[in-house]
2 protein chains.
Amino acid sequence: MTHKVSDSTIRRMSHYLRALEEMDRQEETTVSSTQLAEWGGTTAAQVRKDLSQFGSFGKRGLGYEVRGLTERLRAILGVDRRWRVALVGAGRIGAALFEYPNFRLRGFDLVGVLDVADDKVGRSWGELTIRHVEELEDVVSSEDVDLVIIAVPAAAAQEVADRAVEAGARGILNFAPTQLRVPEGVPLTDVNLVMEMEALSFAITSAEQGS
Amino acid sequence: MTHKVSDSTIRRMSHYLRALEEMDRQEETTVSSTQLAEWGGTTAAQVRKDLSQFGSFGKRGLGYEVRGLTERLRAILGVDRRWRVALVGAGRIGAALFEYPNFRLRGFDLVGVLDVADDKVGRSWGELTIRHVEELEDVVSSEDVDLVIIAVPAAAAQEVADRAVEAGARGILNFAPTQLRVPEGVPLTDVNLVMEMEALSFAITSAEQGS
DNA sequence: AGGTGTGAACACTTTCACAGCA
DNA sequence: TGCTGTGAAAGTGTTCACACCT
């Protein structure tokens with residue numbers, strides 16, 4: 001049933017979900033594609049096309065039922081469950097993630113933190129104790145980790161990825177500025193701040209020069 | 001001359017630039033589109049198409065000269081200069097950026113940090129003193145800020161964006177999980193960690209369910 | 001021979017426009 | 001009437017294949 005769904009569709013689905021949750025908080029019970037589009041900076045047709053890839057959730061003439069659609073989107077995105085996350089690299093990025101409340105609120109539970117540095121291993125982060133990267137396989141399997149966040153220097157990232165996947169991790173979020181190779185079927189997302197800054201730099205520079 | 005260039009092209013250009021710098025470090029003097037493609041996980045034709053949008057930089061039968069192409073890419077991306085960056089929100093994300101060495105290495109200088117919290121205002125971060133968000137306009141204009149990074153709660157983000165742009169900021173990197181509205185011509189990039197995690201969640205969930 | 005630069009073919013995404021249901 | 005769901009059209013991005021230069 002489920003054919004290939006584009007990346008941009010998924011990104012927008014996240015957006016719609018956030019919009020719906022906000023609308024529910026404001027006690028709205030129904031919503032139209034037009035309203036959803038305004039919230040997420042897209043068009044009504046786009047919203048309907050996106051949703052239609054997963055089913056028919058609306059009522060003609062009326063719109064979508066906020067609560068119902070919220071549930072459907074949660075199920076589609078797979079966030080109607082909790083995810084177990086291990087963090088490799090207890091530096092600043094790691095700390096930022098650790099303290100980011102939305103993370104837990106949205107269903108992602110940090111169940112392990114690892115680092116190589118001797119002065120970090122053994123320390124406590126909240127209820128977690130930082131463990132040595134050597135123990136990665138152990139943490140992934142014993143803690144039943146689904147997702148691994150890589151926040152280590154570029155040179156160490158590939159090895160961490162290989163071992164995490166081998167040990168059973170099912171998806172990877174990579175902050176290291178390097179192109180990781182992972183087996184077919186293991187989703188990988190990169191977050192590269194320098195790249196984002198360069199995109200801004202380009203946009204400004206080319207606007208300056210283009211007539 | 002410069003027609004519309006796609007976002008994905010720019011992302012790949014960043015990649016090529018990083019690859020070239022690495023190759024230069026390894027004392028390679030020329031490089032083919034095939035090699036560049038391998039490095040960035042794309043195809044040779046794609047590399048050539050991307051580059052050809054900005055000019056003809058290669059020699060047929062030979063490839064591209066590493067140093068020369070590096071310079072051209074730097075100029076295209078606008079990173080042959082330094083950028084002045086202000087950071088609004090001195091929380092964990094802010095701290096992570098502040099300590100991220102690649103940031104400065106790649107040409108982005110943090111020249112101002114602001115926050116609302118009284119217990120943060122006045123503190124020192126390296127050579128910078130955290131200033132109150134009230135002073136945003138002042139910082140942007142007196143420090144000649146190009147880019148503003150927004151790392152404040154979602155509810156405060158739009159106001160910060162409006163004031164930053166009004167005061168002369170030319171681009172915005174937004175970490176707040178909300179859809180900002182900025183005037184036409186002001187580039188905006190969003191970094192939304194929950195969204196990235198949800199994309200992983202979807203990929204895993206749909207793979208499980210699809211046949 | 002070797003590898004670029006590029007039009008043409010192809011694939012994918014978005015927008016349009018309207019039939020159809022509440 | 002109002003708004004969804006969806007084929008068809010338009011627009012964008014990627015891949016192919018080859019002429020052309022060194």
Side-chain angles (χ1 to χ4, degrees), chain A residues 1-16 19-20 23 28-73 76 199 202-203 206, chain B residues 1-16 19-20 23 28-70 72-73 76 179 199 202-203 206:
Chain A
M1 157 210 167
T2 319
H3 53 112
K4 183 70 165 44
V5 177
S6 85
D7 234 51
S8 1
T9 296
I10 297 306
R11 289 273 260 286
R12 287 189 298 265
M13 296 289 275
S14 279
H15 250 115
Y16 304 153
L20 286 164
M23 285 163 182
E28 305 285 343
T29 60
T30 58
V31 61
S32 70
S33 55
T34 311
Q35 290 172 276
L36 230 27
E38 264 163 37
W39 216 94
T42 179
T43 68
Q46 181 77 81
V47 171
R48 295 200 300 275
K49 251 285 167 359
D50 285 340
L51 296 178
S52 77
Q53 298 194 53
F54 300 97
S56 293
F57 308 131
K59 285 197 175 40
R60 295 173 195 232
L62 239 170
Y64 304 87
E65 200 248 311
V66 172
R67 286 277 172 85
L69 188 56
T70 304
E71 280 321 299
R72 301 303 298 260
L73 290 202
I76 290 163
F202 169 76
S206 63
Chain B
M1 158 206 169
T2 318
H3 53 113
K4 181 73 163 43
V5 177
S6 85
D7 235 49
S8 3
T9 295
I10 297 308
R11 288 273 259 287
R12 287 190 297 266
M13 297 289 275
S14 279
H15 250 113
Y16 304 153
L20 286 163
M23 285 163 181
E28 304 284 345
T29 59
T30 59
V31 61
S32 69
S33 55
T34 311
Q35 291 171 277
L36 230 28
E38 264 162 37
W39 217 94
T42 180
T43 67
Q46 181 76 81
V47 172
R48 295 201 300 275
K49 250 288 165 5
D50 285 340
L51 296 178
S52 77
Q53 297 195 53
F54 301 98
S56 295
F57 308 131
K59 284 198 175 37
R60 297 177 192 225
L62 240 169
Y64 304 87
E65 200 247 312
V66 172
R67 286 278 173 83
L69 188 56
T70 305
R72 302 302 297 260
L73 290 202
I76 290 164
Q179 188 72 14
F202 169 77
S206 63

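Order of the sequence lines fixes the chain letters, A, B, ..., with proteins taken first and strands second; residue numbering starts at 1 for each chain.
A:Leu62 has its CG atom 15 Å from the C1' atom of C:dG20, to the nearest Å. Counting to the nearest Å, the C1' atom of D:dC3 and the CD atom of A:Gln35 are 11 Å from each other. Residue B:Lys49 contributes atom NZ, which lies 12 Å from atom P of D:dC16 at whole-angstrom precision. Atom CZ of A:Arg12 and atom C1' of C:dT13 are 8 Å apart (whole Å). The interatomic distance linking B:Asp7 (CG) with D:dT12 (P) rounds to 14 Å, in whole Å. In this structure, CZ of B:Arg11 is placed 14 Å from P of D:dG13, rounded to the nearest angstrom. We find that CG of B:Asp50 is positioned 10 Å from C1' of D:dT14, with the value rounded to whole Å. Across the protein-nucleic acid pair, A:Arg48 atom CZ and D:dG5 atom C1' stand 7 Å apart, rounded to whole Å.
Note on B:Ser33: every side-chain N or O is 4.0 Å or more away from OP1 and OP2 of C:dG3. Between B:Tyr64 and C:dG5 there is a side-chain polar atom (N or O) within less than 4.0 angstrom of OP1 or OP2.
In this structure, B:Thr34 reaches neither bases nor backbone, as no heavy-atom distance under 4.0 Å exists between it and the strands shown. Residue-level contact check: B:Thr43 touches the backbone only, with heavy atoms under 4.0 Å from sugar-phosphate atoms and none from bases. As judged by a 4.0 angstrom heavy-atom cut-off over every strand, B:Thr9 is placed among residues making no nucleic acid contact.
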Worksheet item: What do the steps show when you test B:Glu65 against B:Lys59 for side chain to side chain contact (heavy atoms under 4.5 Å, CB included), and what is the final call?
Response: CA-CA 8 Å; B:Glu65 200 247 312; B:Lys59 284 198 175 37; over 6 Å; no

Worksheet item: So B:Phe202 and A:Ser14, side chain to side chain contact (heavy atoms under 4.5 Å, CB included) or not? Walk me through it.
Response: CA-CA 10 Å; B:Phe202 169 77; A:Ser14 279; over 6 Å; no

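Residue B:His15 comes nearest to B:Gly40 through the heavy atom pair CD2-CA, 4.4 Å, listed as atom of the first residue, atom of the second, then distance. When all heavy atoms of B:Thr9 and B:Phe54 are compared, the pair lying nearest together is CG2-CE1, 4.3 Å.
The base of D:dT12 has none of its N or O atoms less than 3.5 Å from a complementary donor or acceptor on the side chain of B:Lys4.
Of the residues near DNA chain C, A:Gln46 and A:Lys59, the one whose nearest nucleotide (by heavy atom distance) lies more toward the 5' end is A:Gln46.
Which of C:dG5, D:dT6, D:dG13 sits closest to the side chain of B:Arg60 comes down to C:dG5.
Expressed to the nearest 0.5 Å, how far NZ of B:Lys49 lies from CZ of B:Arg12 amounts to 11.5 Å.
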